[in-house]
Amino acid sequence: MWITSQRVFYAGLLGAAAERSIGGLGIYLSPTGAPLRIRIGGGAWQRGELMVVPPLVPHQIATDHRSILSLLIEPEFVDPAQMPEFLQRCGPVDAPAFVQRVRDVHALLAAASGRESFERFDFDTLLFDGPLAPRPLDPRIRSVIERINADPAAPASAEQCAASVTLSFSRFLHLFKQETGLTFRAFRAWKRARSLLRHVRQSATLTDIALDTGYPDSTHFSHSIRQVYGLRPSDILAGSRRLAVHQ
């Protein structure tokens, strides 16, 4: 797994995931050519080699094989109107050249893993042949986003964030949703859950990881993580024992 502040590339086990609702743009690919299955919001199952799911859309992903390739793109960093057309959809999409590109990048990263860091690689250049267009953001909202991304576990209420950028509480909430496409509460919850990805190879207890990632206790931690990823934290950690993590 390759994690940056703005993107994630994952190649590994899928597990028996229930419905999930992640805060980033989710892109799922079959590593072998065998079709994946997806169910959007409790609807009918659909099949395909490439699935795209916008942020916070509830969905369930499944495969007859154990492994999957997936990309995660943080919505506050990209202009959705300028992304490739197939990434602006929801569900199975037909983009065979992109599928092959991701598989080729996986082979490249797998060969480099264990021998070198990924610092020489540029995520967007590898996957999209150049940087994705950045999302224009109000400077006040950008400063709040940078604060949360820098420390997702830190306690920072919407009231505190509004005051820090000299906005009224109601104006701040409206502007945040307008600029990012996510409510402040959903954004905070997602960033906290996302930070778990940086802890999957730690030997710490679930309680310690829960506290490190900003949750008040392991029960709240387990419930929140399952809502986001469709898996219990213990299952995520168990499935990551042989995972190489590059940050």
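- Counting heavy atoms from C-beta outward, Gln178 and Ile141 have side chains that stay 4.5 Å or more apart.
- Each of Tyr10, Phe118, Phe9 was evaluated against Trp2; a single residue qualifies, Phe118, per the ring pair (Phe, Tyr, Trp, His ring centres under 6.0 Å) test.
- Between the NZ atom of Lys177 and the CG atom of Leu182 there is a distance of 8.0 Å, given to the nearest 0.5 Å.
- Atom CG of residue Leu14 and atom CD1 of residue Ile61 lie 7.0 Å apart, to the nearest 0.5 angstrom.
- Side-chain atoms of Leu50 and Pro96, non-hydrogen and from C-beta on, never get closer than 4.5 Å to each other.
- From Glu49, atom CD reaches atom CG of Leu36 across 8.0 Å, with rounding to the nearest 0.5 Å.
- Side-chain contact between Ile209 and Leu237: present, with at least one pair of heavy atoms (C-beta onward) separated by less than 4.5 Å.
- In this structure, Gln88 has no side-chain hydrogen bond (donor to acceptor under 3.5 Å, both in side chains) partners at least two apart in sequence or on a different chain.
- Residues forming a side-chain hydrogen bond (donor to acceptor under 3.5 Å, both in side chains) with Asp151 (at least two apart in sequence, or on another chain): none.
- With sequence neighbours left out, Glu19 forms a side-chain hydrogen bond (donor to acceptor under 3.5 Å, both in side chains) with no residue at all.
- Residue pairs that meet the ring-ring contact (aromatic ring centres under 6.0 Å, His included) test with at least one member in residues 77-107, sequence neighbours left out, are Phe86-Phe98, Phe98-Phe128.
- Pairs of residues two or more places apart, or lying in two chains, never qualify as ring-ring contact (aromatic ring centres under 6.0 Å, His included) while including a residue from residues 140-169.
- Partners of Arg140 by salt bridge (Lys or Arg N to Asp or Glu O under 4.0 Å), not counting sequence neighbours, listed by chain and number: Asp138.
- Contacts classified as side chain to side chain donor-acceptor pair (under 3.5 Å) and involving residues 183-197 (residues at least two apart or in different chains) are given here: Glu74-Trp190, Glu74-Lys191, Glu74-Arg194, Glu76-Lys191, Asn149-Lys191.
- Between the Ser164 side chain and the Cys161 main chain, a donor and an acceptor come within less than 3.5 Å of each other.
- Between Glu179 and Ile145, every side-chain heavy-atom pair lies at or beyond the 4.5 Å cut-off.
- A side-chain donor-acceptor contact under 3.5 Å links Arg103 to the backbone of Ser30.
- Among pairs with a residue in residues 56-65, those fulfilling side chain to side chain donor-acceptor pair (under 3.5 Å) read Tyr28-His59, Arg37-Asp64, Arg39-Gln60, at least two apart in sequence or across chains.
- Side-chain contact between Leu197 and Val245 is absent, with no heavy atoms from C-beta onward closer than 4.5 Å.
- One distance of note links CG of Leu29 with CG of Leu71; it measures 6.0 Å at 0.5 Å rounding.
- With sequence neighbours excluded, the residues that form a ring-ring contact (aromatic ring centres under 6.0 Å, His included) with Phe221 are Tyr215.
- Under the side-chain hydrogen bond (donor to acceptor under 3.5 Å, both in side chains) criterion, Arg7 pairs with Asp124, not counting sequence neighbours.
- The distance from the OG1 atom of Thr4 to the CG atom of Leu72 is 9.0 Å, given to the nearest 0.5 Å.
- In this structure, the side chains of Cys90 and Ile40 come closer than 4.5 Å at one or more pairs of heavy atoms.
- Side-chain atoms of Thr213 and Pro152, non-hydrogen and from C-beta on, never get closer than 4.5 Å to each other.
- Under the side chain to side chain donor-acceptor pair (under 3.5 Å) criterion, the residue pairs touching residues 217-241 are Arg232-Asp235, with sequence neighbours excluded.
- Grouping Ile, Leu, Val, Met, Phe, Trp and Tyr by side-chain contacts under 4.5 Å, direct or through others, leaves Trp45 on its own.
- In this structure the side chain of Thr180 never reaches within 4.5 angstrom of the side chain of Pro75, judged on heavy atoms.
- Once rounded to the nearest 0.5 Å, the distance linking CD of Glu119 with NE2 of His246 reads 11.5 Å.
- Remark: the backbone N or O of Leu127 is paired with a side-chain donor or acceptor of Arg101 at under 3.5 angstrom.
- Phe176 and Phe172 have tilted rings, their planes meeting at an angle from 30° to 60° on a 0 to 90° scale.
- Gln202 contributes no side-chain N or O that, together with a main-chain N or O of His199, makes up a donor-acceptor pair within less than 3.5 Å.
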